[in-house]
Each structure stands twice: as structure tokens, then as C-alpha cells.
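Remarks on the structure that follows.
So that the names make sense, note that chain A is the first sequence line, chain B the second, and so on, each numbered from 1. Just so you know, these numbers use all the heavy atoms, side chains as well, and skip hydrogens, waters and symmetry mates. Just so we're clear, the structure is a prediction, and the values are computed from it rather than from any experiment.
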Number of protein chains: 2
Amino acid sequence: MTSPIEQACIDKSLKMTDQRRVIARVLSDAEDHPDVDEVHHRAVAIDARISLATVYRTLRLFEDSGIIQSHVFGGPRSRYEATDDDDHHDHLINVETGQVIEFFDEELEGLQEKIAARLGFRLVDHRLELYGKPVKPAPGNNKA
Amino acid sequence: MTSPIEQACIDKSLKMTDQRRVIARVLSDAEDHPDVDEVHHRAVAIDARISLATVYRTLRLFEDSGIIQSHVFGGPRSRYEATDDDDHHDHLINVETGQVIEFFDEELEGLQEKIAARLGFRLVDHRLELYGKPVKPAPGNNKA
DNA sequence: CTAATTGCAAATACTTTGCTGGCTG
DNA sequence: CAGCCAGCAAAGTATTTGCAATTAG
């Protein structure tokens with residue numbers, strides 16, 4: 001009943017309203033990286049009394065609290081995903097479909113810290129997105 | 001007299017107007033990563049007859065032509081820099097000052113391609129930004 | 001009961017675009 | 001001289017905010 005993100009809100013003593021609970025659930029259930037409109041749509045499907053302004057306000061609150069993270073991939077709108085301290089990852093965007101694939105590479109993480117250190121900095125955050133075309137055409141595609 | 005970016009425009013047979021020449025010069029001279037307003041300011045300082053709309057249109061034209069590249073660092077506005085095929089680099093942002101430092105790391109480049117390949121993609125582009133705090137406090141700071 | 005939260009609509013910030021006269025090639 | 005380009009202001013997006021009513025703790 002209590003979604004992981006709702007629990008995170010409770011842990012941080014955020015005042016829980018029906019709207020926030022619904023938005024928390026939508027974000028917890030999301031397996032993709034929805035933008036504000038998408039979160040709003042999904043939230044309204046659960047409870048119609050949720051305005052877009054509240055979605056914006058809530059997403060900002062959650063992000064400021066470190067509960068979720070925002071990304072700007074190809075398009076103009078910010079997209080969101082739950083923060084999971086045990087599952088840091090970066091993103092690869094399929095430029096043909098827009099699909100976002102998550103990945104993690106230990107070597108890459110270490111290398112970034114090494115580079116920052118070499119430049120005289122301590123790494124506090126990073127953003128890495130790879131944009132790629134699938135090597136193999138989709139099965140059934142016999143264009144070649 | 002002819003800035004490198006103006007030359008690139010000529011090579012691509014873009015119609016050169018006074019405005020485009022000025023904007024090309026501003027971008028060629030920029031050692032930082034100015035946003036649209038900043039480019040406009042600098043352009044107007046050279047020739048007052050340049051509107052913001054033209055700056056937007058020209059930056060888009062240059063970007064679509066591959067002559068410049070845009071980035072979205074911390075803030076909301078796109079920032080621009082000349083494309084230099086002989087000088088690919090990524091960016092490290094000093095979170096205390098907002099200063100942008102350019103760097104290049106061969107190993108990192110290769111690793112990204114390897115990761116994309118492992119996931120079944122051919123890397124067509126990437127975006128990497130490191131956010132860091134300076135390791136040494138500013139000289140004169142004796143907080144430690 | 002008090003302070004935070006919400007919905008609504010208006011306001012903002014950034015960027016794009018329709019139109020008309022002007023300039024490039 | 002045909003077609004692209006610039007300026008201007010109006011229109012678009014994406015996001016934020018003021019205000020009065022509502023609700024959580």
C-alpha cells in the first residue's frame with residue numbers, strides 16, 4: 001500500500017497529502033522516465049483531483065529532497081526517475097526510438113573520479129548520456 | 001578579418017549577412033560558453049542592428065550546420081561553443097563558481113564506445129559533464 | 001488551530017514564428 | 001531579380017507563482 005517513494009517522504013517528514021501519495025506511487029511504479037505531463041496523466045488516472053501545478057510543485061519538492069532525479073534527454077521537457085542509492089546508473093538513449101536504457105560501469109565511474117582529481121576537483125556529481133544506434137536491425141527487418 | 005566560423009559558413013555556402021558575420025565573430029572570439037543573451041549582448045556591442053530573434057535563428061542555423069554545439073549545463077539556457085573537429089572535449093563544471101573547464105581523456109572516449117557496443121549500439125554522440133568542488137580551498141582560506 | 005498545500009489562472013522565462021521590407025548571390 | 005534574411009511583435013512551450021479555500025499534523 002505504501003510505495004517506496006511515499007516511505008521516503010515519510011522518512012523525511014514531508015507532509016503527505018492525497019496528491020503527493022498518488023504522485024509518489026506513479027513515480028514508484030514507473031519503469032521508464034516520464035516527463036511532467038506523463039506523470040500528471042498517470043496521476044489523474046488514479047485521482048482526478050490533481051492539477052499540473054501540483055505535479056510541478058511536488059516533483060520539485062521530491063527532487064530537492066533527493067527522492068527523485070531529473071534528466072534532460074533529447075527533448076525540451078525534464079524527465080524523472082526515483083533515486084536509488086543502491087542502483088546508480090547512467091543512460092543510453094536509442095536515437096532511433098528514443099528509448100532510454102540504463103547501465104552501470106564500474107570502470108567508468110572510477111575513471112571519472114580520476115579525471116576530476118587530475119583537474120584538481122572532487123567529483124560531486126556527473127551526467128553521462130550516450131546516444132547510439134542499434135547495431136542489429138530489429139528482428140524481422142530484412143532491409144539489408 | 002574573416003573569423004574561423006565565418007570561414008566555416010562560407011565553406012558550407014551559407015548566405016552571409018552582416019549579422020551572421022558579427023555573430024560568427026563573437027562565437028569565434030568566445031573563450032567561454034556564452035548563452036543566447038550573452039551572444040546577443042556581445043553582438044550588439046559590435047553592431048547595434050542585431051535582434052535577439054536573429055541571434056536565435058543564427059545559432060540554430062550554425063548548430064544545424066554542425067558549426068557550433070549547444071550544451072545545457074546547470075541553468076535553463078542553452079550555451080554555445082564552436083565545434084572543432086580536432087579538439088573534441090568534455091566539460092567539468094566547478095560547482096562553486098560555475099566555471100566550465102574543458103578536458104579530454106582518450107581512455108574515457110574508448111570506454112564509452114565499448115559500453116555502447118556491449119549494449120548493442122554504435123555510439124553516435126555522447127554528453128558528459130562532471131560537477132566538482134575544487135580540492136584546494138582558495139589561497140588565503142584557512143578553514144582547515 | 002496554524003502553517004503548509006492545492007487549484008486556478010495569470011505571470012514568467014526561453015524560444016519560435018508570421019509578416020513585410022531589405023539584401024545576397 | 002528571385003529567394004532568403006532581418007526586425008518586430010505576437011505566439012508558443014515549459015514552468016512558476018499569487019491568492020483564497022482546504023487540509024495535514
Side-chain angles (χ1 to χ4, degrees), chain A residues 2 5-26 33-41 43-65 67-80, chain B residues 2 5-27 33-65 67-80:
Chain A
T2 304
I5 288 181
E6 179 180 348
Q7 189 55 53
C9 293
I10 294 169
D11 294 346
K12 290 183 187 291
S13 309
L14 298 184
K15 191 176 281 195
M16 289 315 286
T17 62
D18 291 343
Q19 289 86 337
R20 287 183 183 174
R21 251 184 290 275
V22 170
I23 293 168
R25 168 160 303 284
V26 165
H33 301 73
D35 63 23
V36 187
D37 273 325
E38 189 56 37
V39 172
H40 184 226
H41 283 142
V44 164
I46 298 174
D47 180 343
R49 309 168 312 159
I50 296 179
S51 72
L52 184 56
T54 294
V55 175
Y56 270 107
R57 278 191 277 233
T58 303
L59 290 176
R60 181 144 60 127
L61 174 72
F62 287 0
E63 184 174 9
D64 290 347
S65 306
I67 296 171
I68 63 174
Q69 291 180 281
S70 71
H71 302 283
V72 182
F73 298 137
R77 308 216 259 267
S78 290
R79 298 171 61 172
Y80 298 85
Chain B
T2 306
I5 289 182
E6 179 179 349
Q7 189 56 52
C9 293
I10 294 168
D11 294 346
K12 289 182 187 294
S13 307
L14 298 184
K15 191 175 282 194
M16 290 315 288
T17 63
D18 291 343
Q19 289 86 337
R20 288 184 183 176
R21 250 183 290 275
V22 170
I23 294 169
R25 167 162 304 283
V26 165
L27 292 168
H33 301 73
D35 63 23
V36 187
D37 273 324
E38 189 55 38
V39 172
H40 184 225
H41 284 142
R42 296 180 194 178
V44 164
I46 298 174
D47 181 341
R49 308 168 314 159
I50 296 178
S51 74
L52 185 55
T54 294
V55 175
Y56 270 106
R57 278 191 277 234
T58 303
L59 290 176
R60 182 143 62 125
L61 173 72
F62 286 1
E63 185 174 8
D64 290 347
S65 306
I67 296 171
I68 63 174
Q69 291 180 281
S70 71
H71 303 282
V72 182
F73 297 137
R77 307 217 260 268
S78 290
R79 298 170 61 174
Y80 298 85

Checklist entry - When you match A:Leu14 and B:Arg60 each to their closest nucleotide on DNA chain C, which lands nearer the 5' end? => result A:Leu14

Item to check | Any A:Thr17 side-chain N or O less than 4.0 Å from OP1/OP2 of C:dA4 | outcome: no

Checklist entry - B:Glu63 has an atom CD; how far is it from atom C1' of C:dT16, in whole Å? => result 15 Å

Checklist entry - Given C:dT24, D:dT17, C:dT5, which nucleotide is nearest the side-chain atoms of B:Lys15? => result C:dT24

Checklist entry - To the nearest Å, how far apart are B:Leu52 CG and C:dT15 P? => result 9 Å

Item to check | Side-chain heavy atoms of A:Asp64 within contact of A:Arg60, under 4.5 Å | outcome: yes

Checklist entry - Below 4.0 angstrom from OP1 or OP2 of C:dG7, is there any side-chain N or O of A:Gln19? => result yes

Item to check | Separation of C:dG7 P from A:Asp18 CG (nearest whole Å) | outcome: 10 Å

Item to check | Integer-rounded Å distance: D:dT16 C1' and A:Asp64 CG | outcome: 13 Å

Next on the checklist: Taking the minimum atom-to-atom distance to the side chain of B:Arg57, which one of D:dT17, C:dG18, D:dT15 wins?
Outcome noted: C:dG18

Item to check | Of the listed nucleotides C:dT17, C:dT24, D:dA24, the one nearest the side chain of B:Ala53 | outcome: C:dT17

Checklist entry - Heavy-atom distance under 4.5 Å between the side chains of B:Ser70 and B:Leu59, does that happen here? => result no

Item to check | Pairwise side-chain contact, A:Asp47 with A:Arg21, heavy-atom cut-off 4.5 Å (strictly under) | outcome: no

Item to check | Spatial distance of atom CG (B:Asp18) from atom CD1 (B:Ile46) [nearest 0.5 Å] | outcome: 12.0 Å

Next on the checklist: When you measure from the side chain of B:Thr58 to the backbone of B:Thr54, do you find a donor-acceptor pair of N or O atoms at a distance under 3.5 Å?
Outcome noted: yes

Checklist entry - Atom CE of A:Met16 and atom C1' of D:dT23: how far apart are they, to the nearest Å? => result 14 Å

Checklist entry - Rounded to the nearest Å, what distance is computed from the OH atom of residue A:Tyr56 to the P atom of nucleotide C:dT12? => result 17 Å

Checklist entry - Which nucleotide sits closest to the side chain of A:Pro76: D:dA14, C:dC8, D:dA6? => result D:dA14

Checklist entry - To the nearest angstrom, how far is B:Arg77 atom CZ from D:dT15 atom P? => result 16 Å

Checklist entry - Can you find a side chain N or O atom of B:Ser78 that sits less than 4.0 Å from OP1 or OP2 on C:dC14? => result no

Checklist entry - CG of B:Asp37 versus P of C:dT15: gap in Å, rounded? => result 8 Å

Checklist entry - Which part of the nucleic acid does B:Arg20 contact within heavy-atom distance under 4.0 Å: base, sugar-phosphate only, or nothing? => result sugar-phosphate

